[in-house]
Amino acid sequence: MRSALVALAAGSVTLTVSAGMVYEDEATFLDNIQPAFLLEDFDGYVYGGYTEYTLDIGPMNGFAGTISAEGEANSFLWSGDGNMSTNSALDYLRVDFTGDPVTAVGGWFFASDISGFFVPGRPVVIELSDGTNYEFVPDNDTDFRGFTTDAPIDWIKIDCPDDASYYWSTMDHFYVGAVPAPGVLALLGLAGLARSRRR
């Protein structure tokens, strides 16, 4: 059973993006990261089936991390139907990266209700260790956001602030990877340009 506990007032959010990019299109995000990445779809998790304090993801292609529920309640993780959330609405999701240096993360981030269903019109606040602080309102539970940075990302936080009601931070289709080195990116760009020309 998920818990609501007591409501906290949502504070003001400063929207800043450090040196890097924010992607709203998954295909464009994938075009700008290395082809070897970690993708966690949480497909093996059923409704309420995962109620532990942490969850290790990876290692895959050198990338790994640990997901936890942190915040006011400091509770545990809770799985929806093929996604990962928190047991308490007072907590946010946090992923600490433990493998190769991470400079690209992305996925489906949204607010869910006590039953684990998507709540429309609710903001999601994404914070990265490099100083990125990004807020958006997803249209649905598959609304993609991806982030690339110049500096390594040590952790990501996903928070869905409460108001008079409670909202649970939820994630799915989660990418962990890296952007190519500048020289590699330039070569990929030239290869794409060559393919786009008529012979």
Side-chain angles (χ1 to χ4, degrees), residues 16-46 49-71 74-80 82-87 91-110 124-134 136 141-160 169-189:
T16 57
V17 178
S18 285
M21 293 287 296
V22 177
Y23 296 89
E24 296 183 13
D25 179 72
E26 183 176 351
T28 306
F29 172 77
L30 290 174
D31 285 344
N32 286 279
I33 69 171
Q34 293 179 8
F37 49 77
L38 182 159
L39 174 60
E40 177 58 75
D41 271 318
F42 306 104
D43 287 341
Y45 300 94
V46 297
Y50 191 87
T51 54
E52 300 292 333
Y53 287 103
T54 62
L55 172 64
D56 291 330
I57 57 173
M60 179 184 292
N61 296 317
F63 300 106
T66 301
I67 306 172
S68 59
E70 297 187 14
N74 201 24
S75 65
F76 47 87
L77 298 170
W78 185 89
S79 62
N83 59 47
M84 194 56 58
S85 188
T86 63
N87 185 59
D91 289 337
Y92 55 84
L93 287 167
R94 176 173 167 136
V95 185
D96 289 279
F97 301 112
T98 57
D100 289 348
V102 173
T103 53
V105 293
W108 302 338
F109 310 111
F110 58 93
V124 176
V125 179
I126 304 291
E127 184 180 345
L128 304 179
S129 61
D130 77 329
T132 296
N133 196 332
Y134 179 82
F136 75 107
D141 61 0
T142 60
D143 195 347
F144 180 83
R145 287 299 185 279
F147 305 86
T148 60
T149 64
D150 293 338
I153 303 167
D154 297 323
W155 50 260
I156 181 175
K157 294 180 183 178
I158 301 105
D159 191 19
C160 298
S169 305
T170 309
M171 66 188 293
D172 197 359
H173 199 61
F174 184 59
Y175 288 96
V176 181
V179 295
V184 174
L185 194 55
L187 288 173
L188 291 174

Worksheet entry | Rounded distance (nearest 0.5 Å) linking atom CG of Asn83 with atom CD of Glu40 | 11.0 Å
Worksheet entry | Distance-minimising heavy-atom pair for Ala178 and Thr103 | CA-OG1, 3.1 Å
Practice prompt. Would you sort out whether Phe109 and Met171 count as a side-chain contact (heavy atoms from CB on, under 4.5 Å), showing the intermediate values?
Written response: CA-CA 5 Å; Phe109 310 111; Met171 66 188 293; 4.0 Å; yes
Discussion item. Out of the candidates Phe174, Tyr175, Phe63, only one should pair with Phe37 under the ring pair (Phe, Tyr, Trp, His ring centres under 6.0 Å) rule; please name it.
Written reply: Tyr175
Fill in: Nearest atoms (heavy-atom pairs only) where Tyr134 meets Glu24
OH-OE2, 3.9 Å
Discussion item. Tell me the closest heavy-atom pair linking Pro152 and Ser129, and the distance in Å.
Written reply: O-OG, 4.0 Å
Practice prompt. Report the C-alpha separation of Phe136 and Val124 in whole Å, then their side-chain angles, then the decisive distance to 0.1 Å, and conclude whether the side-chain contact (heavy atoms from CB on, under 4.5 Å) test is met.
Written response: CA-CA 6 Å; Phe136 75 107; Val124 176; 3.9 Å; yes
Worksheet entry | Nearest heavy atoms of Gly106 and Phe144, plus distance in Å | C-CE1, 4.0 Å
Discussion item. Looking at Gly49, is its backbone amide N or carbonyl O close enough to the side chain of Ser79 to form a donor-acceptor pair, meaning the two atoms are under 3.5 Å apart?
Written reply: yes
Worksheet item: How many angstroms lie between CG in Asp159 and CD in Glu70, if you round to the nearest 0.5 Å?
Response: 11.5 Å
Response to the item:
d(Asp130 CG, Thr149 OG1) to nearest 0.5 Å is 5.0 Å
Fill in: Criterion side-chain contact (heavy atoms from CB on, under 4.5 Å) on Tyr92 and Val125, from CA distance to verdict
CA-CA 10 Å; Tyr92 55 84; Val125 179; over 6 Å; no
Worksheet item: Would you say Thr132's side chain and Glu127's backbone share a donor-acceptor pair under 3.5 angstrom?
Response: no
Discussion item. Please verify the inter-ring angle class for Tyr23 with Phe29; under 30° counts as parallel, over 60° as perpendicular, anything in between as tilted.
Written reply: perpendicular
Fill in: pair Asp172-Asp41: side-chain heavy atoms closer than 4.5 Å
yes
Discussion item. To the nearest 0.5 Å, what is the distance between OG1 on Thr98 and CG on Asp56?
Written reply: 7.0 Å
Discussion item. Using the side chain to side chain contact (heavy atoms under 4.5 Å, CB included) definition, which of the options Leu128, Ile67, Val102, Val176 pairs with Ile156?
Written reply: Leu128
Fill in: From Phe42 atom CZ to Ser85 atom OG, the distance as rounded to the nearest 0.5 Å
10.5 Å
Discussion item. Would you call the rings of Trp108 and His173 parallel, tilted or perpendicular, taking 30° and 60° as the class edges?
Written reply: parallel
Worksheet item: Of all heavy-atom pairs between Ala69 and Asn74, which one has the smallest distance, and what is that distance?
Response: O-OD1, 3.5 Å
Worksheet item: Under 3.5 Å, is there a donor-acceptor pair between the side chain of Asp91 and the main chain of Ser75?
Response: yes
Item to complete: Tell me, with the steps shown, if Ile158 and Ile126 meet side-chain contact (heavy atoms from CB on, under 4.5 Å).
Response: CA-CA 5 Å; Ile158 301 105; Ile126 304 291; 3.8 Å; yes
Worksheet item: Counting only N and O atoms by type, is there a donor-acceptor contact under 3.5 Å from the side chain of Thr54 to the main-chain atoms of Ser68?
Response: no
Discussion item. Contact between Ile33 and Thr148 at the side-chain level, heavy atoms closer than 4.5 Å - yes or no?
Written reply: yes
Practice prompt. Would you name the heavy atoms of Met84 and Leu93 that are closest together and state the gap between them?
Written response: O-CD1, 3.7 Å
